[in-house]
Amino acid sequence: MDIPSEIRQWRQMHRTELLARRNAVPALQRRIWTKAITRLLVEQFPVLQGLLLGTYCPFNGEFDPRAAMRLLRRCGTRNALPTVVQKEQ
C-alpha cells in the first residue's frame, strides 16, 4: 500500500507522543474501555456474526479484541490472525 508522504510524516512526528499517551492510560480505565467497545461491537454490528473476521493480539495498550472475538464465535464468527512474513510487507 502506498501511503502519501504527508501522512507518513505526520505519523512519524506524532507516533511517539500518541503511544506514550495511550500507554499512560491506567489499566482499570483501559479495561472499562475494552468492555464498552466489546459490547458495542457485539450488539451494534450483528452483521459480523457468521463471518470470517480478521483480528489481532493487543500490543502496547491497544484495544483487546479477544473478549469480543469469543462472544462473536458463539454466533458462528470465525477469527483469523495475520501472519507477518516480513516487516513492512
Side-chain angles (χ1 to χ4, degrees):
M1 177 169 63
D2 192 23
I3 300 172
S5 62
E6 62 270 8
I7 292 175
R8 231 175 317 166
Q9 290 171 348
W10 183 91
R11 286 174 65 183
Q12 288 172 346
M13 285 176 24
H14 296 286
R15 181 171 174 72
T16 301
E17 176 197 351
L18 292 172
L19 285 172
R21 289 175 62 185
R22 183 173 71 196
N23 287 322
V25 173
L28 176 60
Q29 182 62 53
R30 204 172 295 137
R31 284 193 300 274
I32 291 168
W33 288 345
T34 291
K35 285 182 181 181
I37 294 168
T38 296
R39 183 179 51 77
L40 288 170
L41 283 172
V42 173
E43 293 176 4
Q44 301 298 318
F45 294 92
V47 70
L48 299 175
Q49 297 176 10
L51 297 179
L52 175 60
L53 189 60
T55 190
Y56 61 91
C57 291
F59 176 75
N60 244 354
E62 294 173 330
F63 161 68
D64 186 346
R66 292 176 293 183
M69 296 303 103
R70 278 191 296 275
L71 291 170
L72 288 167
R73 276 197 310 270
R74 293 180 190 161
C75 301
T77 300
R78 294 174 296 142
N79 306 128
L81 290 169
T83 300
V84 177
V85 177
Q86 185 175 349
K87 188 176 178 177
E88 296 184 23
Q89 190 176 37

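Everything numeric in this text was worked out from a predicted model, so none of it was measured.
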Residue pair [X] / [Y]: nearest heavy atoms and the distance that separates them:
{"X": "L53", "Y": "M69", "result": "CD2-CE, 3.6 Å"}
{"X": "F63", "Y": "Y56", "result": "O-OH, 2.8 Å"}
{"X": "I3", "Y": "R11", "result": "CD1-NH1, 3.4 Å"}
{"X": "T38", "Y": "A67", "result": "CG2-C, 4.1 Å"}
{"X": "C57", "Y": "E62", "result": "O-OE1, 4.0 Å"}
{"X": "L48", "Y": "L41", "result": "CD1-O, 4.1 Å"}

**Prompt:** If you count the non-hydrogen atoms of other residues, nucleotides and ligands that lie under 6.0 Å from CZ in R8, is the total more than 12?
**Reply:** yes
**Request:** Check the surroundings of atom CZ in R66: do more than 12 heavy atoms from other residues, nucleotides or ligands lie under 6.0 Å from it?
**Result:** no
**Request:** Look only at the side chain of T55 and the backbone of N79, and say whether a donor-acceptor pair between them is shorter than 3.5 Å.
**Result:** no
**L71 side, atom CG; E43 side, atom CD - distance, nearest 0.5 Å** = 10.0 Å
**Fill in**
Rounding to 0.5 Å, atoms CD (Q9) and NE2 (H14) come to a distance of 10.5 Å
**Request:** Using a 4.5 Å cut-off on heavy atoms from C-beta on, say whether the side chain of I32 contacts that of K35.
**Result:** no
**Prompt:** Mind checking whether R78 and L51 have side chains closer than 4.5 Å, heavy atoms only?
**Reply:** no
**Asked** Taking only residues two or more places apart in sequence or in another chain, which ones pass side chain to side chain contact (heavy atoms under 4.5 Å, CB included) with L40?
**Response** Q44
**Request:** With sequence neighbours excluded, tell me which residues meet salt bridge (charged side-chain N to carboxylate O under 4.0 Å, His left out) with R21.
**Result:** E17
